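What follows is one structure encoded as structure tokens, with my remarks underneath.
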Amino acid sequence: GVGGIHETQGRQGFLEVETPCLQASPGMEVHLKAFLTDLAEPFGTARHRMYLHTSPEFAMKKLLAAGLPRIYQLARCFRNEERSPTHHPEFTMLEWYRAGAEPEVLMADCEGLVKAALAAAGKSRLSWQGAECDPFAPWQRLSVAEAFSLHAGIDLLGALDDPDEPDPRPLAEATRRIGL
């Protein structure tokens with residue numbers, strides 16, 4: 001199975017799930033490195049190469065495919081080759097999915113989550129490295145293409161000649177023009 005399902009329901013009908021940390025595959029993300037381990041069967045009958053998950057995404061998507069439409073999980077995650085002031089090889093991640101929702105609904109989920117977390121912490125503002133923002137003020141909502149245009153001056157959709165099989169060269173050229 002893909003893990004246990006808790007009986008408690010979160011707000012808006014989200015169901016808390018718990019999926020296994022051990023996976024048969026390290027995942028397909030080339031920029032994430034999984035920890036490798038061996039699973040030994042009792043009495044030395046067999047050993048299987050396993051990986052600690054880098055996120056619960058794959059197992060949670062199995063639950064979505066099985067018909068659970070709104071799920072979340074606070075999961076321990078493990079990423080090898082990560083170490084910086086803001087990254088650690090072992091951390092806790094909140095991952096949630098709402099199947100079939102429009103992007104605006106998912107944006108509202110993110111906004112509500114940030115506001116609820118801040119309220120739970122007894123804070124009214126977010127701050128990072130001297131910058132502050134008020135998450136209780138109206139949020140700007142942008143599509144990815146709008147964000148590329150506004151913040152990078154790149155026409156993302158214009159750089160993608162064929163959305164099914166895009167040629168990376170026009171986007172690479174656009175990023176070179178802005179010094180990236």
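Since this is a predicted model, take the numbers as computed values, not measurements.
- Pairs passing the side-chain hydrogen bond (donor to acceptor under 3.5 Å, both in side chains) check and including a residue from residues 113-130, sequence neighbours excluded, read E111-K115, R125-E132.
- The structure places CG of L171 at 6.0 Å from OG1 of T175, a figure rounded to the nearest 0.5 Å.
- Put simply, CZ on F35 and CG on N80 are 4.0 Å apart, with the number rounded to the nearest 0.5 Å.
- Residues L63 and L15 have side chains not in contact (no heavy-atom distance under 4.5 Å, counting atoms from C-beta outward).
- F91 approaches M93 most closely through the heavy-atom pair CE1-CE, 3.8 Å.
- Legend: residues meeting side-chain hydrogen bond (donor to acceptor under 3.5 Å, both in side chains) with Y51, ordered by chain and number and at least two apart, are absent.
- Looking at heavy atoms from C-beta onward, C110 lies in side-chain contact with W96 at the 4.5 angstrom threshold.
- A single hydrophobic cluster is seen to contain both L64 and L68, as judged by linkage of ILVMFWY side chains at heavy-atom distances under 4.5 Å, directly or through other members.
- Both V144 and I154 are members of a single hydrophobic cluster when ILVMFWY side chains are connected at heavy-atom separations under 4.5 Å.
- Put simply, the side chain of E104 never gets that close to the backbone of A101: no donor and acceptor are under 3.5 Å apart.
- Applying the salt bridge (Lys or Arg N to Asp or Glu O under 4.0 Å) test to residues at least two apart or on different chains, the pairs with a partner in residues 67-87 are R76-E90.
- L74 and F14 fall within the same hydrophobic cluster, defined by Ile, Leu, Val, Met, Phe, Trp and Tyr side-chain heavy atoms under 4.5 Å apart, directly or through other members.
- Heavy atoms from other residues, nucleotides or ligands lying under 6.0 Å from CD of E102 number 12 at most.
- The distance from the CG atom of L157 to the OG atom of S143 is 7.5 Å, given to the nearest 0.5 Å.
- Qualifying side-chain hydrogen bond (donor to acceptor under 3.5 Å, both in side chains) partners for H87, counting only residues two or more places apart in sequence or in other chains: S84.
- A distance of 5.5 Å separates CE of M50 from CG of L39, quoted to the nearest 0.5 Å.
- A 4.5 Å side-chain heavy-atom check between Y97 and E57 finds at least one atom pair inside the cut-off.
- Transitive grouping of hydrophobic side chains (ILVMFWY, heavy atoms separated by less than 4.5 Å) brings V114 and F136 into a common cluster.
- With a 4.5 Å cut-off on side-chain heavy atoms, H48 and L22 do not count as touching.
- The two residues P170 and A159 have their closest heavy-atom pair at CB-O, 3.4 Å.
- Listed by chain and number, the residues in a salt bridge (charged side-chain N to carboxylate O under 4.0 Å, His left out) with E95 amount to none (sequence neighbours excluded).
- Considering only heavy atoms from C-beta on, L142 comes within 4.5 Å of H151 through its side chain.
- Taken from OG1 in T54 to NZ in K33, the straight-line distance is 11.0 Å, to the nearest 0.5 Å.
- For the salt bridge (Lys or Arg N to Asp or Glu O under 4.0 Å) condition, the pairs that include at least one residue of residues 162-179, sequence neighbours left out, are D167-R169, E173-R176, E173-R177.
- Here CZ of R47 is found 4.5 Å from CG of D38. Values are rounded to the nearest 0.5 Å.
- Between T19 and F58, every side-chain heavy-atom pair lies at or beyond the 4.5 Å cut-off.
- In the hydrophobic cluster analysis, where Ile, Leu, Val, Met, Phe, Trp and Tyr join through side-chain heavy atoms closer than 4.5 angstrom, W139 is grouped together with L126.
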